Trainee: 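Below is one structure. I have some questions about it.
Only this structure's heavy atoms are used, side chains among them; waters, hydrogens and symmetry mates stay out. What you are looking at is a predicted structure, and each value in this text was computed from that prediction instead of being measured.
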Amino acid sequence: MVAAVLTDDDPQALETLRHSAAHLMAAAVVELFPGAEYAIGPAIADGFYYDFLLPDGHRLTPEDLVRVEERMRTIASRRPAFERSELGREEALAEFRRRHQRFKVEIIEQLPATEVISCYRTGDFFDLCRGPHVPDAGGIPAFRLLHPAGAYWRGDERNPMLQRIYGTAWFSEPDLEAYLERLREADRRDHRRLGRELELFSAEEALGGGLILWHPAGSVVREVIEDHWRRAHRAHGYQLVFSPHIAKEELWVESHHLEFYADDMWGPVEVEGTRYRLKPMNCPFHILIYRARTRSYRELPLRLGELGTVYRHERSGVLHGLLRVRGFTQDDAHLFCTPDQVGEEVERAVAFSQAMLRTFGFEDLEVALSTRPAKAAGDLALWEQAEATLAEVLARRKLPHRVDAGGGAFYGPKIDLFVRDALGRTWQCATIQLDYGQPANFRLEYVGPDGATHRPVMIHRTLLGSMERFFGVLLEHYAGAFPLWLAPVQCQVITVTDEQLPFAREVAGRLAAAGLRAAVPDRPGERMPAKIRDGQRAKVPYLGVIGPREVAAGQVHLRDTRSGAQTPVTVDELVARLGSEARPPELAL
RNA sequence: GCCCAGAUAGCUCAGUGGCAGAGCACUUCCUUGGUAAGGAAGGGGUCCCGGGUUCAAAUCCCGGUCUGGGCUCCA
């Protein structure tokens, strides 16, 4: 018998608590829905869930959750113990068959024959479970059910769809309340909400799922990001290119995309008897640029970069705001190098992406190394060599990382960088993929110092991922309040009465001449407090207020909307101060 | 794709077989004011699309589109 000692600092204890809460919830569901079959109910990050198959195909509603939660409290008030028992395999199978619990029977049948089968009883509820648990069901200080959902048995869409309930449990009511507040904060920061409120982008029904319209304010931010990106790439030895959105189907045969990636590609378009496909990736285009003439080893590494728009046929159910879309622009680049340049090029790309992500306020990065998938192209020895090269780079840069076995692309292993945002959530941005396959598919060559032809190695990489996803992540990270260099409008010039409008326009003109984005709201007759409120709500970093006093003194009363601080400044001071704060950050390598 | 839920004014939403509504936004007029909403009047609808049931459909039924939650956290 394992007696769990609950302490606040032990993550294991919190997991135990949540798993116990899942059992308590299942007990309540079985009482409310006699005949319910229960599948699995693990603790997860921040909470727990349990999957059920309810009698008569009942589907859970939010109202059902209220009843389940009430019943959980009723059961908990009786403080039934979590009683552990150990059964033999046959005994356990008989018990769960008697209870008509097909999922438990299936699980036991798949356990090794020698495994000790432990079960827990909570009042009338009896479950197959490894444990441990809290001593009794009254020992769960704070819990809340969150939402119902559908989920396939074992996550496989060929299996029956079960009803899942998500919940959360904590050591205390204040902990629970803090967590619920975190959820509310995440909702307030939801990029879809902010995108609408700040008029940054939209997705219109008339356009089709997963397709995004960038509105003027969002387009300004994107343009600033792209300018920063282009400048940095030129400084780091990249050459920038453009390529079309569509190519002959034959090209995708040669690249093996149609063989390995067809499900994610849009269907063919036929023009004058030739089939074309929308591009899901930019690589074949950059490869054709490489192949346009004979290349010398003196040109390598050749780094071709492009903000390339691609189209992928994501399944309708996985689309999500800007984070999962069907048309998006990758900040893509392909590095063509000699085999002995690979290590250095990968290392430079990793450093470049770390530096780039830092300029957007992402200091804390997580790193993953993804290895050979089941469906892979190319020979095994090359894969092993490629994986070893990536691991060496991570070791040299002293980057702690996890290994995602089988998570690589079909043409090579990869290093992914994830940013951690202001709420502690992680998002994949940069990816650096080695590719020995495409150079062979396309018979790429360069002439070496020996006068003979050799095969280059390719590295695919993005730093930000895609403009859409990165913008969505950035928007949530900053909660819509962009730093000055990214803000769509950097300074709004507000007058106390309409009398000051000419001076306000003059000030805005001075700011614009200095390359700053300034605006004078066109709202004649509107009161100043209303214009201040609009500026605050639009998250404009600076509001410059001008009344009769400021006109007389040639000043602006500057309000920093982030801190609320107010200071009178001359127009020259205003231009100098905003000009220096608005400069894009330098890339620190 | 699959399960569930939703779609009513630009936005947030109420209305649930019998006259299409509120707040904000927008337009006009009045107000010229000092750091998060000055006042009044007005305009604005294919109640997502298509079909069905009904004397009558925004409302009920069927199909579609789009959106949202979830679908490899594994006793």
Trainee: Between A:L162 and A:R549, which is nearer to the 5' end of RNA chain B once each is assigned its nearest nucleotide?
Mentor: A:L162
Trainee: Measuring only the C1' atom in each nucleotide, how far is B:A58 from B:G15? A whole number of Å is fine.
Mentor: 9 Å
Trainee: Who is the Watson-Crick or G-U wobble partner of B:A75, with both distances under 3.5 Å?
Mentor: none
Trainee: Using a 4.0 Å heavy-atom cut-off across all strands, classify A:K531 as base, sugar-phosphate, or nothing.
Mentor: nothing
Trainee: Expressed in whole Å, how much space separates the P atoms belonging to B:G52 and B:U59?
Mentor: 14 Å
Trainee: Under 3.5 Å, is there a donor-acceptor pair linking the side chains of A:D416 and A:T431?
Mentor: yes
Trainee: Both distances below 3.5 Å, Watson-Crick or wobble geometry, any strand: find the nucleotide opposite B:A58.
Mentor: none
Trainee: In whole Å, I'd like the distance from the CD1 atom of A:I40 to the P atom of B:C73.
Mentor: 7 Å
Trainee: Between B:G1 and B:C47, how many Å separate the two C1' atoms, rounded to a whole number?
Mentor: 30 Å
Trainee: Could you please name the option among B:U32, B:C73, B:A36 that lies closest to any side-chain atom of A:T497?
Mentor: B:U32
Trainee: Taking pairing as Watson-Crick or G-U wobble with both contacts under 3.5 Å, can you name the mate of B:A7, or confirm there isn't one?
Mentor: B:U65
Trainee: Does A:S202 reach the main-chain N or O of A:E204 with its side chain, forming a donor-acceptor pair under 3.5 Å?
Mentor: no
Trainee: Ignoring hydrogens and angles, state whether a donor on the side chain of A:D421 or A:W427 is under 3.5 Å from an acceptor on the partner side chain.
Mentor: yes
Trainee: Please report the distance, rounded to the nearest Å, between CD in A:E197 and P in B:G10.
Mentor: 18 Å
Trainee: For B:G44, what is the paired nucleotide under Watson-Crick or G-U wobble rules, both distances under 3.5 Å?
Mentor: none
Trainee: If I take atom CD in residue A:E526 and atom P in nucleotide B:A36, what distance separates them, rounded to the nearest angstrom?
Mentor: 14 Å
Trainee: Separation of A:R196 atom CZ from B:C24 atom C1', in whole Å?
Mentor: 13 Å
Trainee: Does the side chain of A:Y542 come under 3.5 Å of the side chain of A:Q490 through a donor N or O and an acceptor N or O?
Mentor: no
Trainee: Let me know, please, whether A:D498 or A:H23 comes out on the 5' side of the other along RNA chain B by nearest nucleotide.
Mentor: A:D498
Trainee: Please measure how far the C1' atom in B:C24 lies from the corresponding atom in B:A9, and state the result in whole Å.
Mentor: 12 Å
Trainee: What's the gap between B:G21 and B:U8 when it is taken at their C1' atoms, as a whole Å value?
Mentor: 9 Å
Trainee: Looking at A:E106, I want to see if its CD is surrounded by more than 12 non-hydrogen atoms of other residues, nucleotides or ligands under 6.0 Å.
Mentor: yes
Trainee: Would you mind pulling out the nucleotide paired to B:A36, Watson-Crick or G-U wobble, both distances under 3.5 Å?
Mentor: none
Trainee: Ignoring hydrogens and geometry beyond distance, is a side-chain donor-acceptor pair present between A:R559 and A:Q536 at under 3.5 Å?
Mentor: yes
Trainee: Checking side-chain polar atoms at under 3.5 Å, does A:Y152 have a donor or acceptor matched by the opposite partner on A:R154?
Mentor: no
Trainee: In whole Å, what is the span from the CG atom of A:L198 to the C1' atom of B:A25?
Mentor: 15 Å
Trainee: How long is the line joining NE2 of A:H557 and P of B:G33, in whole Å?
Mentor: 18 Å
Trainee: Under 4.0 Å, heavy atoms only, any strand: does A:E550 hit a base, just the sugar-phosphate, or nothing?
Mentor: base
Trainee: Could you check how far CG of A:L54 sits from P of B:C3, rounded to whole Å?
Mentor: 16 Å
Trainee: Between B:U72 and B:U16, how many Å separate the two C1' atoms, rounded to a whole number?
Mentor: 41 Å
Trainee: Any chance CG of A:D187 has more than 12 other-residue heavy atoms, nucleotides or ligands included, within less than 6.0 Å?
Mentor: yes
Trainee: Can you check the distance between B:A57 and B:C48, where both ends of the measurement are the P atom (answer in whole Å)?
Mentor: 15 Å
Trainee: I want to check a possible cation-pi pair here: A:R164 against A:Y49, using under 6.0 Å from ring centre and within 45° of the ring axis as the test.
Mentor: yes
Trainee: What string of B, S and - do you get for nucleotides 66-72 of chain B, 5' to 3', if B is base contact, S is sugar-phosphate-only contact and - is no contact with any protein heavy atom under 4.0 Å?
Mentor: SSSBBBS
Trainee: If we take the C1' atom in both B:C26 and B:C66, what is their distance in whole Å?
Mentor: 26 Å
Trainee: How close or far is atom P of B:C74 from atom NE2 of A:H19, stated in whole angstroms?
Mentor: 11 Å
Trainee: Need one value for A:A530: base, sugar-phosphate or nothing, where a base atom within 4.0 Å counts as base even if backbone is also close, heavy atoms only.
Mentor: sugar-phosphate
